[in-house]
Amino acid sequence: MRQPVAAAARPFSCLRCLVQSYSTRPVISARCRPQKPQATPSAPYHSTRTLRQNTPTSPDHHQQPPVLRQPTTAPKAVIDIKHIRQNPDLYAENCRQRNYHAAAAYPARINDLFAQWQAKQREGRGLRERGNLLRRQLADPGTSRDDADEEAAGFRSLSREQLLEEARRVKAELSAIEEAESSLSAEMQRLALAIPNLTSDATPRGSEPTVLSYINDHPDLATTHSDSSDRIWRSHVHIGAELGLLDFAGAATTSGWGWYHLLDEAAQLEQALISYALAAATRAGWRQVSPPSMVYSHIAGACGFQPRDANGETQIYTIAQAADDAARGKPELCLAGTAEIPLAGMKADVTLDEAELPVKRVAASRCYRAEAGARGSETKGLYRVHEFTKVELFAWTAPPGAVGDGAATEDVFDEMVDLQTELLGSLGLHCRVLEMPSTDLGASAMRKCDIEAFFPSRRERNDGWGEVTSASICTDYQTRRLATRLKLANGKLAYPWTVNGTALAVPRVLAAILENGWDESDKSVTIPEVLRPWMDGRDKIGPRHR
């Protein structure tokens, strides 16, 4: 970890304000070790990203973490607040490096709140001692006759009514102190929950990713700049319209922008990609799960899925609640943005046995993302949509100290990226494997590797690269929030680490296959050989007879 810089100045928060505000991865192995990128004739298209939309949040934007609205049935999060208190500068700098500028002030605020909590604890102890003396005096005045304590001696001169009045006053003051202690503890918990995970030393700081390796050869793009070229690149939107595979207009009528219909071979291709990915993962030892698409909002939050749009707009579809249900405290539901959420939730409030690990699961599911604001509106076609199918990998692994020194987690993470690489390589797509920078990490990830495929239609944006898979190590960030424990061989309890990764984001991969497999001469798309068993043995998708 880099040497942290000094923490931000600690803002003052009075106790009254605190109390009033509280209510809430067949060509190249892609093990994630840095490799020197192979030079190709199309070097300009191998450059790393020069621009990323990671404008720092202004100090006044999202200054406060979200209000906690946890139902009583929610898993009880156990955050290591002591580690935050002992390392405030480390956590503050980590927040800034990850573009969580507002949260950079939280570690210092937690220490301020802890100091206030300790003061209240001392004050409470004094009142409790005073209350005990009063009770003894009221119960039997003779018991305090030989007590040398000056305070006890002072009580002997008071009448019973005066003693009762003093006891009521002490009880009221103690009740207020206990309420303040509870509010201070809750506020510390709320701030700690909003602080992102610490960042791996392997993660580049800043906004530029590191290229680890490439998959397959890059297409010969030089011919595209010559008028005599017989290779014409098309967008998947144009190809879909030409072959009658995509219907965006009809979906816009029924559902709006960002929705789509897949027709005929495109719908068949979607199922082929799902079946191929599941078959590959199952052969590799990942057990299949068919998860729900609707989850409790507090489970999504515990997995680290919180709104983080540049404009402050939500990225999660929440299910509307009846007023009566909300009043009764019925848990809020939302549509899952990824199967990672229901998979992680499978082990909420569960204690795993060390001998079980690693527990590896794979699931195909529909995913729902609001994609509000600029991120969604800037992209046409299948690249960024509101609903899509994704095959997700998820695992619980042994933490450092249980088996080896974190090697178990790294092994599963590498296995994920290798599987992603095998899938994309066998589809004939040219891709690059990236170690993602700190500003690109979500709240839960300690480290993240993305694989980007080459999309001819995106040559004017990011040199044609577009993310198609991702893999992350989340340490115990999720398991602490979901109360997923691990019983070690020595009998002690710990928290397992989680790893998640996209086997295939189907619409994006489908779009990449259409664009890279397009043949302008006969207006057809070549179907990758590995998918043909699920495509009735066809090798091409051609124009229909009209």
Side-chain angles (χ1 to χ4, degrees), residues 25 30 32 34 37-56 98-99 203-222 224-225 233-239 258 308-310 315 369 371 373-385 388 390 417 420-421 424-425 427-442 445 448-472 502 504-518:
R25 177 185 304 217
C32 292
Q38 299 177 359
T40 72
S42 304
Y45 294 93
H46 289 165
S47 62
T48 54
R49 280 173 273 202
T50 56
L51 288 176
R52 279 187 166 270
Q53 299 301 322
N54 283 295
T55 305
R98 294 171 71 120
N99 208 27
T203 298
R205 267 51 176 181
S207 59
E208 190 70 16
T210 299
V211 180
L212 300 178
S213 61
Y214 290 91
I215 303 171
N216 292 329
D217 295 329
H218 196 287
D220 184 8
L221 295 181
T224 65
H225 303 296
W233 299 97
R234 299 286 190 186
S235 161
H236 69 275
V237 177
H238 174 94
I239 296 168
R308 196 184 170 209
D309 183 82
Q315 297 299 298
R369 300 187 183 180
E371 301 291 7
R375 291 198 310 165
S377 61
E378 68 177 5
T379 308
K380 295 181 180 180
L382 294 175
Y383 190 80
R384 198 177 294 283
V385 291
F388 57 97
K390 183 158 70 79
V417 180
Q420 293 169 339
T421 302
L424 294 169
L427 293 173
L429 299 176
H430 175 56
C431 306
R432 63 180 187 177
V433 184
L434 304 175
E435 185 78 56
M436 300 309 292
S438 57
T439 55
D440 199 81
L441 301 183
K448 184 160 78 87
C449 281
D450 283 1
I451 300 183
E452 296 182 333
F454 173 71
F455 291 79
S457 66
R458 293 174 60 85
R459 282 175 292 162
E460 301 303 317
R461 179 182 308 178
N462 196 28
D463 293 337
W465 299 111
E467 178 196 340
V468 288
T469 72
S470 182
S472 301
T502 306
L504 283 180
V506 177
R508 290 187 180 183
V509 174
L510 192 154
I513 289 173
L514 292 179
E515 294 189 12
N516 287 278
W518 176 250

- Minimum heavy-atom distance between His236 and Leu382, given as atom pair plus value: NE2-N, 2.8 Å
- Looking at Gly206 and Thr439, what are the two nearest heavy atoms and their distance? O-OG1, 2.9 Å
- side-chain contact (heavy atoms from CB on, under 4.5 Å) between Glu467 and Thr502: does it pass, once the steps are laid out? CA-CA 11 Å; Glu467 178 196 340; Thr502 306; 5.8 Å; no
- Here the gap from Ser457 atom OG to His238 atom NE2, rounded to the nearest 0.5 Å, amounts to 12.0 Å
- Task: Kindly give the heavy-atom pair with the smallest separation between Asp450 and Ser470, and that separation in Å.
- Result: OD1-OG, 2.7 Å
- Query: For the atom pair SG (Cys431) and NE2 (His218), what is the distance rounded to the nearest 0.5 Å?
  - Reply: 10.5 Å
- Message: Could you go through Leu424 and Leu504, starting from their C-alpha distance and side-chain angles, then the distance that decides it, and tell me whether this counts as side-chain contact (heavy atoms from CB on, under 4.5 Å)?
- Response: CA-CA 8 Å; Leu424 294 169; Leu504 283 180; 3.9 Å; yes
- If you take all heavy atoms of Val468 and Arg508, which pair is closest and at what distance? CG1-CB, 4.1 Å
- Item | Within-4.5 Å side-chain heavy-atom neighbours: Arg234 and Pro456 | no
- Query: Just how far is it from atom CG of Leu429 to atom CG of Asn216, taken to the nearest 0.5 Å?
  - Reply: 7.5 Å
- Determine the minimum heavy-atom distance between Phe455 and Gly466, stating which atoms define it. CE1-O, 3.6 Å
- Item | Leu427 side, atom CG; Ile215 side, atom CD1 - distance, nearest 0.5 Å | 10.0 Å
- What are the two closest heavy atoms between Phe454 and Asn516, and how far apart are they? O-ND2, 3.0 Å
- Query: Between Val211 and Leu434, does a side-chain contact (heavy atoms from CB on, under 4.5 Å) hold up when you go through it step by step?
  - Reply: CA-CA 5 Å; Val211 180; Leu434 304 175; 3.7 Å; yes
- Query: Parallel, tilted or perpendicular: which fits the ring planes of Trp465 and Tyr214, with parallel below 30° and perpendicular above 60°?
  - Reply: tilted
- Item | Side-chain donor/acceptor of Arg98 to backbone N/O of Gly442, under 3.5 Å | yes
- Task: With rounding to the nearest 0.5 Å, note down the distance linking CZ in Arg369 to NZ in Lys390.
- Result: 5.5 Å
- Item | His430 side chain to Ala453 backbone, donor-acceptor under 3.5 Å | no
- Query: If you measure from CH2 on Trp233 to CZ on Arg459, what distance do you get to the nearest 0.5 Å?
  - Reply: 7.0 Å
